[in-house]
*Asks:* 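Please read through the structure below; I'll follow up with questions.
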Amino acid sequence: MSVRVRFAPSPTGQVHIGNIRAAIFNWLFARHEGGNFLLRIEDTDLQRSTPEAIAVLLEVMRWLELDFDEEPLYQSSQRQKHLEAAEKLREQGHAYGDDKEADSQALVFRIPWEAEKLCEGVKNLGPVQMKLHPERPLQISHKGLQFAGLSKKGAPVHDSACLAGFKDLQVRDAEGRIIFTLQEHLDEVLREGRQFMLENAAELHFTRRSISYVDQVKGEMSKPLDSMRDLVILRSDGSPVFHLANVVDDITQRVSHIIRGDDHVENTFRHLFLFACLDAKPPVYAHLPMIVNASGKPYSKRDGDAFVGDFRNKGFLPQALFNYLSLLGWSPGDDREKMSRDELVEAFSLQRCLRSSAQMDQVKLAALNGLYIAEMELSEFIAQCREFVQRLPWGKDLDEDYFRRVCAFMQSRLKRFADVEQWQYFFVEDYVKDEKFCQKQLSDENTLKALSLLHDKLAVLNEFTAEHIEACIHEVTSEADIRQGRLNQPIRAAITGISTGAGIYETMELLGAERSIKRLKLSGK
RNA sequence: GUCUCCAUCGUCUAGGGGUCUAGGACACCGGGUUUUCAUCCCGGCAACAGGGGUUCGAAUCCCCUUGGAGAUGCCA
């Protein structure tokens, strides 16, 4: 069977980092297996799914080079198929109408009573008992059971569950007498829609069944049917719900493996039954751990910057983001971190995916990004820098040759392109200064005297090169009785206004004699 | 509440019973530079959540506790 995986986002105008990570893993898996990577746009929410939102999604995928193999499938185009599937389920007795409201078209999928006949992963777990709270009568119908269970402390817990959860059900009263046996009434309940209300039900005896599957990353997963409920597949207005649409589309696209976020594990148990009742072989599942924010919580609006576009705007390279994200919840098993796409494709496997959630670390991402920046072709690097610098108020008409030299000088140190903002002092005189730092460095009387002395020496320096500048500084420090190196930070404060940067001698050389000397003079008082 | 998962340095991770006095990376600290810096090189700090088992031997297997996440929608 050939591998076919899909990325199935709903276009909301922005692409979340967790979503794109799922896309990356799907892509990596498809490429590793030599299979197909499909895109399905779940655009049934017509409010949010605008052409603009879809354009944003496609642009993000293009940027990260997540190329897909077939024409994208728009879920909205599949509505007829969804409705046909719903009708088929109804005809075969796997779904029933919700008759709460007269004109409702809502349809509910029933976890099938003959679960083990239909679905491969259903197991018999043996007999169990469950105590009930007398507060509420037990209600039994083809829609399942409604009752009040018992919490650990004995408090009533209102609950409901699908009928299929209670195979061989016997209901007993407080004295232990059997007051109801499901097997005797099964046909009435299931086919005639008869409902039973049992006032004095105290204990449920039944055979517990579970549905299980082998998750490619989490291993064997299972859930008892008595903790499941029937699920709505058509809304009152007749529109298909996610569960139905998703499963039907996966069948249509012949998806072989579903690789998605952890938050879908519960759905998987239900989808397995849907596949079975639609006569389809279920796909192989793999659930990826979630990505969480710096405080270990899932990303929320408060965190803001969890969208792919934000990373792009900060000047992260797509290769770096791709590489970093692939390392969240997966590793190649050796010490490699910076890996090319080809290496990632080669090394990727679902079995090496982790089961626990991972925290995004922007600092580490920036470090990796810096590695990618450092190895860029200079011309390409300059082009990127220009793009970012042009967004800044001072970055419009810069001297071309000088700009190139600054770029070449700073390339090895830049981590994110948005940080070109800090190069301001190379280009304008009213650059932003770190006042606190400057004040600290430029307050000592002796230091200021030394700077003034340096100014005078540099003013008559023949060759304004790093080497000569350094020699000059050495002279000044010994004349002013300042320890070697002690004057460097004050000079940096005077020249750049900020505490960090490239080597100060080279910086001055690049800046040129005129500007360097002028700034030294300005700081002299 | 109930159900389903998860748990190694601050963070990302290696680890599939002995080779673990637990390895790498980012961050941090120190050195190279008798203290310039965001590059580079070298070094250091730092973790098996707790408690019980199983075993000659457990970070690795089992159970419990604690903590965390997800689900419990006519959202996706």
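Chain letters run A, B, ... following the sequence lines, proteins first, then strands; residues in each count from 1.
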*Asks:* Which one, B:U4, B:A76, B:A27, comes nearest to the side chain of A:Phe269?
*Replies:*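 Nearest listed nucleotide: B:U4.
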*Asks:* Just do the salt bridge (charged side-chain N to carboxylate O under 4.0 Å, His left out) check on A:Lys123 and A:Glu220 with the steps written out, would you?
*Replies:* CA-CA 13 Å; A:Lys123 287 179 190 139; A:Glu220 166 119 18; 2.9 Å; yes
*Asks:* Is the shortest side-chain N/O distance from A:Lys297 to OP1 or OP2 of B:A69 below 4.0 Å?
*Replies:* yes
*Asks:* Check A:Asp250, A:Asn26, A:Asp249 against A:Arg6 for a side-chain hydrogen bond (donor to acceptor under 3.5 Å, both in side chains) and give me the one that passes.
*Replies:* A:Asp250
*Asks:* Base, sugar-phosphate or nothing for A:Thr500? Non-hydrogen atoms, less than 4.0 Å.
*Replies:*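 Base contact.
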*Asks:* Could you tell me how far apart A:Met221 (CE) and B:A71 (C1') are, to the nearest whole angstrom?
*Replies:* 11 Å
*Asks:* Calculate the interatomic distance between A:His133 atom NE2 and B:U2 atom P; express it in whole Å.
*Replies:*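 Rounding to the nearest Å, NE2 of A:His133 and P of B:U2 are 15 Å apart.
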*Asks:* For the P atoms, the ones on B:C5 and on B:C62, what distance do you get once it is rounded to whole angstrom?
*Replies:*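 Going atom to atom, P in each nucleotide, I get 13 Å.
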*Asks:* Rounding to an integer number of Å, can you tell me how far A:Ile211 CD1 sits from B:C3 C1'?
*Replies:* 15 Å
*Asks:* Taking a pair as Watson-Crick or G-U wobble with both distances under 3.5 Å, which nucleotide is matched to B:G1?
*Replies:*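 Its partner is B:U72.
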*Asks:* Is it the case that A:Arg21 places NZ or CZ above or below the six-membered ring of A:Phe25, under 6.0 angstrom from the centre and within 45 degrees of the axis?
*Replies:* yes
*Asks:* Tell me whether the ring of A:His264 lies stacked over the B:A76 base, given a 5.5 Å limit on centroids and a 30° limit on the plane angle.
*Replies:*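 So yes, this residue stacks on that base, both cut-offs being met.
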*Asks:* Once you round it to whole Å, what is the distance between P of B:C26 and CZ of A:Phe316?
*Replies:*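 Between P of B:C26 and CZ of A:Phe316: 16 Å.
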*Asks:* Would you kindly compare A:Met290 and A:Arg235 by the position of their nearest RNA chain B nucleotide and give the one closer to the 5′ end?
*Replies:*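 Mapping each residue to its closest nucleotide by heavy atoms, the 5'-most match is A:Met290.
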*Asks:* When the distance from CG of A:Asp262 to P of B:C5 is rounded to whole Å, what number comes out?
*Replies:*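 A:Asp262 atom CG is separated from B:C5 atom P by 11 Å.
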*Asks:* Quick one: label A:Asn267 by what it contacts on the DNA or RNA (base, sugar-phosphate, nothing), any heavy atom closer than 4.0 Å.
*Replies:*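 Base, at least one base atom sits under 4.0 Å.
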*Asks:* Could you check whether A:Val363 gets within reach of a base, just the sugar-phosphate, or nothing at all, counting any heavy atom under 4.0 Å?
*Replies:* sugar-phosphate
*Asks:* Which part of the nucleic acid, if any, lies within contact of A:Gln422, taking any heavy atom under 4.0 Å across all strands shown: a base, the sugar-phosphate backbone alone, or nothing?
*Replies:* base
*Asks:* Could you check whether A:Gly485 gets within reach of a base, just the sugar-phosphate, or nothing at all, counting any heavy atom under 4.0 Å?
*Replies:* sugar-phosphate
*Asks:* Expressed as a whole number of angstroms, how long is the span from A:Asp45:CG to B:A76:P?
*Replies:*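 Rounding to the nearest Å, CG of A:Asp45 and P of B:A76 are 8 Å apart.
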*Asks:* Please determine, for B:C28, whether a Watson-Crick or G-U wobble partner exists with both distances under 3.5 Å, and give it or none.
*Replies:* B:G44
*Asks:* For B:A22 versus B:A46, give the span between their C1' atoms, rounded off to a whole number of Å.
*Replies:*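 Between the two C1' atoms, the distance is 12 Å.
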*Asks:* Would you measure the distance from the P atom in B:C64 across to the matching atom in B:U2 and give it in whole Å?
*Replies:* 15 Å
*Asks:* Mind checking whether A:Leu344 and A:Trp330 have side chains closer than 4.5 Å, heavy atoms only?
*Replies:*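 In short, these two side chains touch, coming nearer than 4.5 Å.
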*Asks:* How many whole angstroms separate atom CZ of A:Arg40 from atom C1' of B:A76?
*Replies:* 12 Å
*Asks:* Here's one to test your reading of the geometry: is the NZ or CZ of A:Lys440 within 45 degrees of the ring axis of A:Phe437 and under 6.0 Å from its centre?
*Replies:* no
*Asks:* With sugar-phosphate meaning primed atoms plus P, OP1 and OP2, does A:Pro224 contact a base, only sugar-phosphate, or nothing at under 4.0 Å between heavy atoms?
*Replies:* sugar-phosphate
*Asks:* So, A:Arg208 and A:Asp226, do they make that salt bridge, N to O below 4.0 Å?
*Replies:* yes
*Asks:* Would you mind classifying the nucleic acid contact of A:His158 as base, sugar-phosphate or nothing, using non-hydrogen atoms under 4.0 angstrom?
*Replies:*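 No contact at all - A:His158 keeps every heavy atom at 4.0 Å or more from the nucleic acid.
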*Asks:* Let me know, please, whether A:His243 or A:Tyr425 comes out on the 5' side of the other along RNA chain B by nearest nucleotide.
*Replies:* A:Tyr425
*Asks:* Establish whether the base of B:U35 is bridged to the side chain of A:Arg483 by a donor-acceptor pair shorter than 3.5 Å.
*Replies:*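 Under the 3.5 Å cut-off, the side chain and the base do form a donor-acceptor pair.
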*Asks:* Check whether any side-chain N or O of A:Lys415 sits under 4.0 Å from OP1 or OP2 of B:U39, and answer yes or no.
*Replies:* yes
*Asks:* Base, sugar-phosphate or nothing for A:Asp263? Non-hydrogen atoms, less than 4.0 Å.
*Replies:* sugar-phosphate
*Asks:* B:C37 and B:G32: how far apart are their C1' atoms, nearest whole angstrom?
*Replies:*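 Each nucleotide's C1' atom is 14 Å from the other's.
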*Asks:* Scan A:Thr507 against the nucleic acid and name what it touches under 4.0 Å (heavy atoms): base, sugar-phosphate only, or nothing.
*Replies:* nothing
*Asks:* Going by distance alone, is a donor N or O of one side chain under 3.5 Å from an acceptor N or O of the other, for A:Arg235 and A:Ser239?
*Replies:* yes
*Asks:* Quick check: are there more than 12 heavy atoms from other residues, nucleotides or ligands sitting under 6.0 Å from CG of A:Asp237?
*Replies:* yes
*Asks:* Return the value, rounded to whole Å, for the distance between atom CG of A:Leu244 and atom C1' of B:A76.
*Replies:*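 Checked: the CG to C1' distance equals 14 Å.
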*Asks:* To the side chain of A:Gln489, which of B:U36, B:C74, B:C40 is closest?
*Replies:* B:U36
*Asks:* Verify the distance criterion only: is there a donor paired with an acceptor across the side chains of A:His158 and A:Glu135 at less than 3.5 Å?
*Replies:* yes
*Asks:* When you compare B:C6 with B:C48, how far apart are their C1' atoms, in angstrom units rounded to a whole number?
*Replies:*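 One C1' to the other, the span is 16 Å.
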*Asks:* Between A:Arg229 and B:G73, is there a contact of a side-chain N or O with OP1 or OP2 at under 4.0 Å?
*Replies:*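 For A:Arg229, the contact criterion (side-chain N or O under 4.0 Å from OP1 or OP2 of B:G73) is met.
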*Asks:* Can you tell me how far OG of A:Ser340 sits from CZ of A:Phe322, rounded to the nearest 0.5 angstrom?
*Replies:*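 Answer rounded to 0.5 Å: 10.0 Å.
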*Asks:* Using a 4.0 Å heavy-atom cut-off, does A:Ala106 contact any base of the nucleic acid, only the sugar-phosphate backbone, or nothing at all?
*Replies:*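 Base contact.
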*Asks:* Which letters describe nucleotides 7-16 of chain B, given B = protein heavy atom under 4.0 Å from base, S = only from sugar-phosphate, - = neither?
*Replies:* S---SBSSS-
*Asks:* With a 3.5 angstrom cut-off on both distances, give the Watson-Crick or G-U wobble partner of B:A22, or none if there isn't one.
*Replies:*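 In the structure as shown, B:A22 has no Watson-Crick or wobble partner.
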